[in-house]
Enquirer: 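First, the structure itself, so that you have it in front of you.
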Amino acid sequence: MPRSPLLTAGYIIAATIVALTQGLGLSFISTNLQQIAGPMHLTQGEAAWLMAAYLFPNVSLSLLLFKLRTQYGIRNFCEVAIVAYVLVCIAHLWVEGYESALVLRFFAGIAAAPMSSMAFLYMLESVPPHRKLNIGLCLALTALALPTPVAGLISPALLDIGGYHALYVVELGMAMISLGLIYLLPLTSPPREKVISLLDVITYCFLAMAMGLFAIALVVGRFYWWTEADWLGWLIVGSIISAMVVAVIELNRKDHLLDIRWLTSREIIHITGALLVFRIILSEQSSGAIYFLRTMGLQNEQLAGLYWVILGASVLSGLVCAAVMKPGREAAIHAVSLLLLAIGSYLDSHSTALTRPEQMYLSQMLIGFAAGLFLPPAVAIGLTSALKRGPKYVLSFIIVFLTTQKVGGFIGSALFGTFVQWREQFHSFRLVSDLQSTDPLVVQRLRQLGAAYGKVMSDPAQQNIQGAQLLARQTTQQAYVLAYNDAFLMTALLALFALFSLLIHVAWRNRERWLQRQPSAQPAIA
């Protein structure tokens, strides 16, 4: 039955608020890792475990929740999930120690997992059935992309007001608002049916172990370095063994939780590869431009304008995609998205130590706009393919989507950060090897830097020492600039390679139609 415009707007607002609520918990930590580590007396590596503890259950739990809401009903599912999330948020208000914070972040990851599904369902509820795969899908994915820029915008003021505890208070407030909206606006619940078996629970346990261990390794591996900590290798080995157990169980049962044969088919591998490459390229924004500016000494207050640009581009791209997305246009939309990603990354590859957010507005606007264009058509293709085979296959596609978006996002972040550190070491060695103490220009530069301390130090030897330290810091900063430029350029080349592969795929898929046109054109020419 059609809803009134006011009620439709209510469901859209509810979906947006629930999406912000589920994403702010992780975005607050990833955006303010240094500001949280300081008051808690943690290193960057120790603070990264707060994200790892959140992600360990979160990356896979939506898979089991899909069946839970089918068996127990959407209404009960939403009410229990939001109440659990509110209770976890309240518990955060009394957190002081690091160990208790880790435990609470683990349970926050569990409680937040249903929220993304709820945001998705509320947004789809607001549109008619024939618009769910274009308008509904685009709006839902746009809402799920909002938490990161919003967290960057409001974090500075919150930290000034009450430190990292103010972040927990806002998270609690959003959860309370979501609680009221969920009780006020019920979702249409399909008929219940018993769909959970003992083997489903066993399969999920091993799947959660596989995805969770891999996510932990990706989050903290860069801080402990991949070849220095042996336990990182054991985490990946445990993840692979758990995934093999899942495959063995699912290949030898009839009523499977995951259809491994369908997941390894050519069509799904193609969709998985496209989504994974997209997430890796998109790390240029989340782990590239933002981290580059922070390396140059900028704080969240100075990045507010850039976050506004990313937020505006994300919303605009979702609206544009909803307007233009139709069956058959997926390849064209993806081509435009990849081209925008390549242009934006190439523009960033010309950064200098004097680059500020204003110089990145255009490039990050292009990347943010491209991100909103790429994902909805790819998800629509996967859902359509799954629905053609039956509702059970939707669950298998969900695991593909979760793996590529959640775990894939951290794969991109890990690869980008590792590449930057590797290139920084290379450029540092090259720059330092060119700085000879006998070079007149180097001697002159040391004197200039040392002279800056002349008003506070009268000893020439101490001035020279301070000048040398300042020159070393400037050299390291310049090495990071060159390293990030290499990473931006590599991302642009990867986007162009993906675009080239897409064009070849489209040409090969339509080769018969194009070949049939040639004979018909020859008589006309004669």
Enquirer: Grab the two heavy atoms, one from C138 and one from G318, that are nearest each other, plus how far apart they are.
Expert: CB-O, 3.7 Å
Enquirer: Please lay out, stage by stage, how F416 and Y291 fare under the test side chain to side chain contact (heavy atoms under 4.5 Å, CB included).
Expert: CA-CA 11 Å; F416 197 96; Y291 277 64; over 6 Å; no
Enquirer: I need the minimum non-hydrogen distance between L373 and I333, along with the two atoms involved.
Expert: O-CG2, 3.3 Å
Enquirer: In Å, rounded to the nearest 0.5 Å, how long is the span from CE of M490 to CZ of R423?
Expert: 8.0 Å
Enquirer: What I want to check is whether the side chains of S363 and D348 have a donor and an acceptor closer together than 3.5 Å.
Expert: yes
Enquirer: Without hydrogens or angle criteria, can the side chains of T355 and Q359 be said to hold a donor-acceptor pair below 3.5 Å?
Expert: no
Enquirer: How long is the gap from CG on L502 to CG on L339, to the nearest 0.5 Å?
Expert: 11.5 Å
Enquirer: Using every non-hydrogen atom in the two residues, find where H350 and N485 come nearest and quote the distance to one decimal.
Expert: N-OD1, 4.0 Å
Enquirer: Distance from M365 atom CE to L316 atom CG, nearest 0.5 Å?
Expert: 9.0 Å
Enquirer: Within the 4.5 Å heavy-atom criterion, are T418 and W225 side-chain neighbours or not?
Expert: yes
Enquirer: Any heavy-atom pair between the side chains of H334 and P377 that's under 4.5 Å?
Expert: yes
Enquirer: For a 4.5 angstrom cut-off between non-hydrogen side-chain atoms, does R294 reach L298?
Expert: no
Enquirer: Calculate, to the nearest 0.5 Å, the distance between atoms CG and CG belonging to L293 and L306 respectively.
Expert: 6.5 Å
Enquirer: Report the C-alpha distance between L366 and L347 in whole Å, list the side-chain angles of each, state the deciding distance to 0.1 Å, and finish with yes or no for side chain to side chain contact (heavy atoms under 4.5 Å, CB included).
Expert: CA-CA 10 Å; L366 294 176; L347 292 175; 4.3 Å; yes
Enquirer: Is atom OH of Y346 surrounded by more than 12 heavy atoms (other residues, nucleotides or ligands) closer than 6.0 Å?
Expert: no
Enquirer: As an exercise, state the distance from CZ of F374 to SG of C321, rounded to the nearest 0.5 Å.
Expert: 11.0 Å
Enquirer: Can you name the one residue among L489, I281, L341 that meets side-chain contact (heavy atoms from CB on, under 4.5 Å) with L494?
Expert: I281
Enquirer: Do the side chains of F292 and M360 get nearer than 4.5 Å, heavy atoms only?
Expert: yes
Enquirer: Tell me the closest heavy-atom pair linking S178 and I17, and the distance in Å.
Expert: OG-CG2, 3.6 Å
Enquirer: Is it the case that over 12 heavy atoms from other parts of the model lie below 6.0 angstrom from the OH atom of Y307?
Expert: yes
Enquirer: Side chains of V220 and W231: does their closest heavy-atom pair fall under 4.5 Å?
Expert: yes
Enquirer: Can you confirm whether more than 12 heavy atoms, excluding those of W234, are under 6.0 Å from its CH2 atom?
Expert: no
Enquirer: Where do A492 and A342 come nearest, in terms of heavy atoms and distance?
Expert: CB-O, 3.6 Å
Enquirer: Run M174 and V18 through side chain to side chain contact (heavy atoms under 4.5 Å, CB included) and show every step you take.
Expert: CA-CA 8 Å; M174 294 293 294; V18 172; over 6 Å; no
Enquirer: Could you tell me whether F214 atom CZ has more than 12 heavy atoms of other residues or ligands within 6.0 Å of it?
Expert: no
Enquirer: With heavy-atom distances below 4.5 Å as the criterion, would you say the side chains of H427 and W422 are in contact?
Expert: no
Enquirer: For F497 and V277, run side chain to side chain contact (heavy atoms under 4.5 Å, CB included): C-alpha distance rounded to whole Å, both residues' side-chain angles, the deciding distance at 0.1 Å, then the answer.
Expert: CA-CA 10 Å; F497 175 76; V277 170; over 6 Å; no
Enquirer: Decide yes or no for Y54 and F106: does some side-chain heavy atom of the first lie under 4.5 Å from some side-chain heavy atom of the second?
Expert: no
Enquirer: Is there a side-chain contact between S345 and I367 in this structure, where contact means two heavy atoms from C-beta onward sitting under 4.5 Å apart?
Expert: yes
Enquirer: Output the distance between atom CG (L158) and atom CG (L167), rounded to the nearest 0.5 Å.
Expert: 5.5 Å
Enquirer: What is the minimum heavy-atom distance between A143 and T16, and which atoms define it?
Expert: CB-CA, 4.3 Å
Enquirer: When you check the side-chain N and O atoms of S413 and S283, is any donor under 3.5 Å from an acceptor?
Expert: no
